[in-house]
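Excluded from the calculations below are hydrogen atoms, water molecules and symmetry mates; all remaining heavy atoms, backbone and side chain alike, are included.
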Amino acid sequence: MARKVQRNEPCPCGSGKKYKQCCMAKEKSLGAGRSNRRRGIQIALGWVNNTYKDEISNWVGNVWLKGLNERQIHGIGTAHPGIRSIHDVNLLEMLVAEGRLDGLEGENSPLQLILDADIGLDDEQCSYISQLAERPLRLYRVSDVKTNESFTVQSHPENGSEAITIFDSSASSMFDVDDIVGLRLMQSDDAWETSGAIYHIPDEYVDQLVAILEKAGEDAYSTALTHCWLELVAEHV
């Protein structure tokens, strides 16, 4: 395990400044901004979930769980509480990023409903939430992990894709090298971060999923990925 750089030591970036005056300050600034953006996501998801309960219930049954049988739906409901928590985050994020709510007059995009509502979001939070509709859900391989600091991902299959390093102490503790995960990557402050949704795919199911995604194509990519992940959750894999 790499030794932690101390505050008054030279910054490892080579700037010649002390760590506390260089990258440490940048990391603190990034962390504060990330916390504010995540807080905005939580406010937005909580508001839309409480305001449109019936419409969301219909969306869950007609879109999110579409194609699953009663046994599978029961399996999702009885999954481990930790998995259920991840499921709920993934569900609400997909709803806001790509969903439409039936039964409403006029605007039915959850994302636009959030942006039009007066729920106390600042400009940075609104701008970040708007990205949900612009950043696609994609499959990645974790190529490097620095626990409690950062992790690096590349698109899977790789196909010459660029490696992206995400500085996130919390998320980095959730991954191991060579994990295959579905993520929606967001950009802010000239840095990449995850939106919060995570779709872990066990190794033995990766090739099958890749084939399904290739067949689904761009328009149905996220639907195919989430559906396959839900089938795994239903089987408690």
Quiz item: Is Glu218 salt-bridged to Arg138, going by a charged N under 4.0 Å from an acidic O?
Solution: yes
Exercise. Give a yes or no on this: more than 12 heavy atoms of other residues, nucleotides or ligands lie within 6.0 Å of atom CG of Asp219.
Key: no
Quiz item: Would Ile43 end up clustered with Met186 when hydrophobic side chains under 4.5 Å apart are linked, directly or stepwise?
Solution: yes
Exercise. Give a yes or no on whether His236 atom NE2 has more than 12 heavy-atom contacts from other residues, nucleotides or ligands under 6.0 Å away.
Key: yes
Quiz item: Can Glu235 and Arg71 be counted as an ion pair, charged N to O under 4.0 angstrom?
Solution: yes
Exercise. Using a strict 4.0 Å threshold on nitrogen-to-oxygen distance, state whether Asp102 and Arg100 make a salt bridge.
Key: no
Self-check item: Which atom of Asp144 lies closest to which atom of Val177, heavy atoms considered
Solution: CA-CG2, 3.9 Å
Quiz item: Do other residues, nucleotides or ligands put more than 12 heavy atoms under 6.0 Å from the CD atom of Glu204?
Solution: yes
Practice problem: Could you state whether Leu91 and Leu45 fall into the same hydrophobic cluster, counting links through intermediate Ile, Leu, Val, Met, Phe, Trp or Tyr residues with side-chain heavy atoms under 4.5 angstrom apart? | Solution: yes
Quiz item: Between atom CD of Glu193 and atom CZ of Arg37, what is the distance when rounded to the nearest 0.5 Å?
Solution: 4.0 Å
Exercise. May I ask you to check whether over 12 heavy atoms, not counting those of Glu134, lie within 6.0 Å of atom CD?
Key: yes
Self-check item: The single option from Leu101, Leu132, Val60 passing side chain to side chain contact (heavy atoms under 4.5 Å, CB included) against Leu95
Solution: Leu101
Quiz item: Any side-chain heavy-atom pair from Met94 and Thr223 closer than 4.5 angstrom?
Solution: no
Quiz item: Aromatic rings Phe175 and His200: how do their planes relate, parallel, tilted or perpendicular, breaks at 30° and 60°?
Solution: tilted
Quiz item: Should the heavy atoms of other residues, nucleotides or ligands under 6.0 Å from CG of Asn69 be counted, would the total exceed 12?
Solution: yes
